[in-house]
Amino acid sequence: MKNLKTYLGILILPLFFLGTIFLTHADVSANMGIPLSGLAAMRSMAKQSIPYEVAATNGKPSLIEFYADWCSTCQSLAPSLNNLHQQYGENVNFVMLNVDDPIWSEQIKNYGASSIPYLVFVTAELEVKEVLVGKPPEKVIEPILISLSNRDLGGA
């Protein structure tokens with residue numbers, strides 16, 4: 001009986017270890033369609049986001065998020081923004097600028113991003129239409145995205 005417990009332990013431990021790595025690795029989870037949360041969702045979105053330079057010239061409105069990997073509020077906002085990105089990503093650029101990267105210091109200054117998360121909604125011409133700070137709910141963000149989409153598509 002003692003040998004059986006030892007063998008089970010030897011078999012279960014590596015399976016648990018591999019399963020943990022497999023399910024918590026952001027790229028693997030995203031490819032499997034498993035909903036991401038927190039830091040993994042934020043990093044996945046950062047990889048998918050439109051580069052600022054492209055968003056500034058592609059003729060579409062943008063949601064520019066100023067964030068940092070260490071920001072727990074940014075991490076908790078990520079699943080909501082990911083959901084909205086899935087719905088509105090064809091009509092609105094989703095841009096993520098990490099405030100810890102000095103390359104974005106000019107944008108941080110120009111948009112007045114003094115805290116994070118800091119969401120800036122801009123027209124295709126980069127005219128600021130709305131700014132939200134903190135963790136607004138999807139029901140607050142969504143109408144702004146709809147308004148930007150309609151305005152730049154010739155709607156109301």
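In this structure, the separation between OG1 on Thr73 and CD1 on Ile116 is 8.5 Å, given to the nearest 0.5 Å. Taken from CZ in Arg43 to CD in Gln48, the straight-line distance is 14.5 Å, to the nearest 0.5 Å. In this structure, the separation between OG on Ser62 and CG on Leu126 is 6.5 Å, given to the nearest 0.5 Å. Interatomic distance, Met96 CE to Leu63 CG, rounded to the nearest 0.5 Å: 9.5 Å. With rounding to the nearest 0.5 Å, the separation of CE in Met45 from CG in Asn82 is 5.5 Å.
Within the 3.5 Å criterion, the main-chain N or O of Val95 finds no donor-acceptor partner in the side chain of Asn93. At distances below 3.5 Å, at least one donor-acceptor pair connects side-chain atoms of Thr123 with backbone N or O atoms of Glu125. A donor-acceptor pair under 3.5 Å is absent between the side-chain atoms of Ser44 and the main chain of Ala41, judged by distance alone. Proximity of a side-chain donor or acceptor of Lys129 to a complementary backbone N or O of Pro61 within less than 3.5 Å is not detected.
Taking the six-membered ring for Trp and thresholds of 30 and 60 degrees, Phe66 and Tyr118 have ring planes more than 60 degrees apart, a perpendicular arrangement. Classification of the Trp104-Tyr52 ring pair by plane angle, with boundaries at 30° and 60°, yields perpendicular.
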Could you go step by step and tell me if Glu65 and Leu97 meet the side chain to side chain contact (heavy atoms under 4.5 Å, CB included) rule?
-> CA-CA 6 Å; Glu65 178 188 8; Leu97 304 181; over 6 Å; no
Worked check of side chain to side chain contact (heavy atoms under 4.5 Å, CB included) between Glu127 and Val122 | CA-CA 5 Å; Glu127 177 187 351; Val122 298; over 6 Å; no
Should Leu81 and Tyr67 be marked as a side chain to side chain contact (heavy atoms under 4.5 Å, CB included) after you check the CA-CA gap, both sets of side-chain angles, and the distance that decides it?
-> CA-CA 12 Å; Leu81 290 180; Tyr67 77 100; over 6 Å; no
Take Val128 and Tyr111 through the side chain to side chain contact (heavy atoms under 4.5 Å, CB included) test and state the conclusion after the steps.
-> CA-CA 8 Å; Val128 176; Tyr111 290 109; 3.9 Å; yes
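If you check the side chains of Glu53 and Thr57, you find no donor sitting under 3.5 Å from an acceptor. Side-chain polar atoms of Glu142 and Tyr88 form a donor-acceptor pair below 3.5 angstrom. A donor and an acceptor atom, one from each side chain of Ser149 and Asn91, are nowhere located under 3.5 Å apart.
Contact of the Pro143 side chain with the Ile146 side chain is not registered, since no non-hydrogen atoms from C-beta on lie closer than 4.5 Å. With contacts defined as side-chain heavy-atom distances shorter than 4.5 Å, the pair Leu132/Ile141 qualifies. In this structure, Phe121 and Val92 have side chains that are not in contact, with every pair of non-hydrogen atoms separated by 4.5 Å or more. Cys71 places a side-chain heavy atom less than 4.5 Å from the side chain of Pro117. Using a 4.5 Å heavy-atom cutoff, the side chains of Val99 and Ile108 are in contact.
Residue Gln86 places its CD atom among more than 12 non-hydrogen atoms of other residues, nucleotides or ligands, all under 6.0 Å distant.
Scanning all heavy atoms of the two residues, the minimum distance from Pro136 to Leu119 falls at CG-CD1, 3.9 Å. Taking all atoms of both residues into account, the shortest heavy-atom contact from Ser115 to Val133 is OG-CG1, 3.1 Å.
Each of Glu138, Met42, Lys135 was compared with Leu77 under the side-chain contact (heavy atoms from CB on, under 4.5 Å) criterion, and only Lys135 meets it.
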